[in-house]
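Here, residue 1 is the first one in the sequence, and each next residue gets the next number.
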Amino acid sequence: MSRILAIVHVQGRDQKGVVARISTYLAERSINIEDIEQRVVQGQFLMDMLIDITEATVTLDELVTGLLTIGREIGMEIRVTLHSERQRQRVAVLVSKEPHCLDQLIADWRAGDLRGDLVCVLSNHETLRPVAEAAGIPFEWHPSDDKAAHEAFLLERLGHYRADLVVLARYMQILTGAVVQPYAGRIINIHPSLLPYFPGANPYRRAWEDGVRVTGCTAHFVTEELDAGPIILQDVFHIDVGVDTVEDVRRKGRALEGVVLSRAVQLYLNGEIVVLDGKVVFKPGMRTLLRDLRGRP
């Protein structure tokens, strides 16, 4: 009989006895702990526990209810995710005219590096239809001249495709709260600068004009405040001041953008990050636990 594996996620104010309380509860119900990773960040306790519930003496519903009760008693968030439920999340990609970030996402998806499926590409232009359709991904577009109508289109189609995550792959529109609020914490953008430097428009030109020698790009969660959401990943490239043209800077930046965006998406889909006090923190050991899950029967 195949084993039934799950991950218990715990997050909340650090306090004594949390591991013991949960471990005792599980042991009393014949649930084996396969692996455990924990850390404390800024007073917040984070733990991910891989468990085998094959021979549990309680049902899954009873297990979840019991852990939720413990969570309420100690003031922590506790969630249980079955291995089978973690398989695929549904990813919607928003684009405008530039293909490089979409190309990278498609390449990594085809390579099996994304723990999710690209279920649609939505746009305010028809330019990238051939790219999406060549990859077998539905493509739909609506002009953004009327912003309210365009965002109504986005919301309707995101709902239709049941998107779990929205990725802005050089989508050159500013989303309002109408879209951001229902997908709060589930929209990732790539910005062509090392935020908080050079937010807004034309960041590569501004970096070139200012004579900076190092710039880069930033993958971040989208909030209603422009380019100010929690930063997930950043990477850099060098500018040869006095030699590189502004087009050289853009070319270097575009080569990096897709890689950083796709990696941020992978971190999200793998459950490797959490937002604490407006900052993205890497969760302990999730990559190891997920590798263990993939390698087990």
Side-chain angles (χ1 to χ4, degrees), residues 90-144 150 154 163 165-175 187-195 197-209 212 214-222 226-227 229 231-240 244-269:
R90 301 175 65 81
V91 181
V93 184
L94 273 56
V95 298
S96 288
K97 293 183 177 181
E98 296 185 35
H100 54 285
C101 287
L102 177 60
D103 286 339
Q104 185 71 53
L105 290 166
I106 290 172
D108 289 345
W109 175 50
R110 284 174 163 169
D113 293 332
L114 297 186
R115 197 180 181 84
D117 289 312
L118 306 184
V119 296
C120 66
V121 176
L122 306 178
S123 183
N124 58 328
H125 297 279
E126 198 169 10
T127 307
L128 298 185
R129 178 186 294 277
V131 177
E133 292 186 345
I137 306 170
F139 178 93
E140 300 184 39
W141 77 286
H142 190 285
S144 52
H150 178 70
L154 291 179
L165 176 67
V166 180
V167 180
L168 310 188
R170 295 299 280 152
Y171 170 73
M172 306 302 288
Q173 295 291 308
I174 298 173
L175 294 175
I187 306 177
I188 295 176
N189 181 46
I190 186 70
H191 182 75
S193 81
L194 295 175
L195 293 173
Y197 302 103
F198 306 123
N202 299 315
Y204 288 143
R205 172 171 287 279
R206 288 155 61 198
W208 177 76
E209 289 175 345
V212 301
V214 176
T215 189
C217 54
T218 302
H220 65 98
F221 286 111
V222 173
L226 179 64
D227 295 333
I231 292 171
I232 303 170
L233 278 180
Q234 294 180 305
D235 205 349
V236 303
F237 61 90
H238 292 269
I239 299 175
D240 192 347
D244 285 345
T245 66
V246 67
E247 285 306 319
D248 291 328
V249 175
R250 289 196 182 102
R251 175 180 50 78
K252 291 179 181 181
R254 286 170 181 154
L256 192 60
E257 289 168 15
V259 175
V260 173
L261 177 62
S262 181
R263 182 70 187 109
V265 170
Q266 292 171 44
L267 289 170
Y268 177 91
L269 294 175

Inset, instruction - Would you mind checking if Lys252 and Asp244 are paired as a salt bridge, meaning a charged N to carboxylate O distance below 4.0 Å? - result: yes
Inset, instruction - Compare every heavy atom of Pro199 with every heavy atom of Ser193, then report the nearest pair and how far apart it is. - result: OG-N, 4.5 Å
Inset, instruction - Locate the shortest heavy-atom distance separating Ser144 from Asn124; write the atom from each residue and the value. - result: OG-ND2, 3.2 Å
Legend entry - Neighbour count >12 (heavy atoms, 6.0 Å) for atom CG, Leu226: yes
Legend entry - Least distance between heavy atoms, Gln104 atom then Ser262 atom: CG-CB, 4.1 Å
Inset, instruction - Please name the pair of heavy atoms, one in Phe237 and one in Val249, separated by the smallest distance, quoted to 0.1 Å. - result: CZ-O, 3.6 Å
Inset, instruction - May I ask you to decide whether Arg254 forms a salt bridge with Glu257, counting only side-chain N to carboxylate O separations under 4.0 Å? - result: no
Legend entry - Lys/Arg N to Asp/Glu carboxylate O, Glu209 vs Arg205, below 4.0 Å: yes
Inset, instruction - Please check if the side chain of Thr218 supplies one atom and the backbone of Gln234 the other of a donor-acceptor pair under 3.5 Å. - result: no
Legend entry - Contacts of type side-chain hydrogen bond (donor to acceptor under 3.5 Å, both in side chains), residue Trp141, not counting sequence neighbours: none
Legend entry - Distance, nearest 0.5 Å, that separates CG of Leu128 from OG of Ser123: 6.0 Å
Legend entry - ring-ring contact (aromatic ring centres under 6.0 Å, His included) partners of His142, counting only residues at least two apart: Phe153
Legend entry - Partner of Ile188 by side chain to side chain contact (heavy atoms under 4.5 Å, CB included), out of Leu233, Leu267, Leu261: Leu261
Legend entry - Atom of Trp208, atom of Thr245 and distance for their closest heavy-atom approach: NE1-C, 3.6 Å
Legend entry - salt bridge (Lys or Arg N to Asp or Glu O under 4.0 Å): pairs with one or both residues in residues 121-141, sequence neighbours excluded: Glu126-Arg129, Arg129-Glu133, Glu140-Arg157
Legend entry - Gap between atom CG of Leu175 and atom CG of Leu168 - 0.5 Å precision: 5.5 Å
Inset, instruction - Enter the distance from Ile190:CD1 to Arg263:CZ here, rounded to the nearest 0.5 Å. - result: 13.5 Å
Inset, instruction - Would you confirm whether Asp227, through its side chain, and Gly200, through its main-chain N or O, come within 3.5 Å as a donor-acceptor pair? - result: yes
Inset, instruction - Measure the SG-CG distance between Cys101 and Leu256 for me, rounded to the nearest 0.5 Å. - result: 9.5 Å
Inset, instruction - Examine distances only and state if a side-chain atom of His238 and a backbone atom of Thr215 form a donor-acceptor pair shorter than 3.5 Å. - result: no
Legend entry - Minimum side-chain heavy-atom gap Val95-Val93 below 4.5 Å: yes
Inset, instruction - Carefully, step by step, assess Lys97 and Met172 under the rule side-chain contact (heavy atoms from CB on, under 4.5 Å). - result: CA-CA 8 Å; Lys97 293 183 177 181; Met172 306 302 288; over 6 Å; no
Inset, instruction - To the nearest 0.5 Å, tell me how far Phe139 CZ sits from Thr127 OG1. - result: 7.5 Å
Inset, instruction - Measure the OH-CZ distance between Tyr204 and Arg250 for me, rounded to the nearest 0.5 Å. - result: 10.0 Å
Inset, instruction - Kindly give the heavy-atom pair with the smallest separation between Ile231 and Leu195, and that separation in Å. - result: CD1-O, 3.7 Å
Legend entry - Val265 vs Trp109, side-chain contact (heavy atoms from CB on, under 4.5 Å): CA-CA, chis, key distance, verdict: CA-CA 11 Å; Val265 170; Trp109 175 50; over 6 Å; no
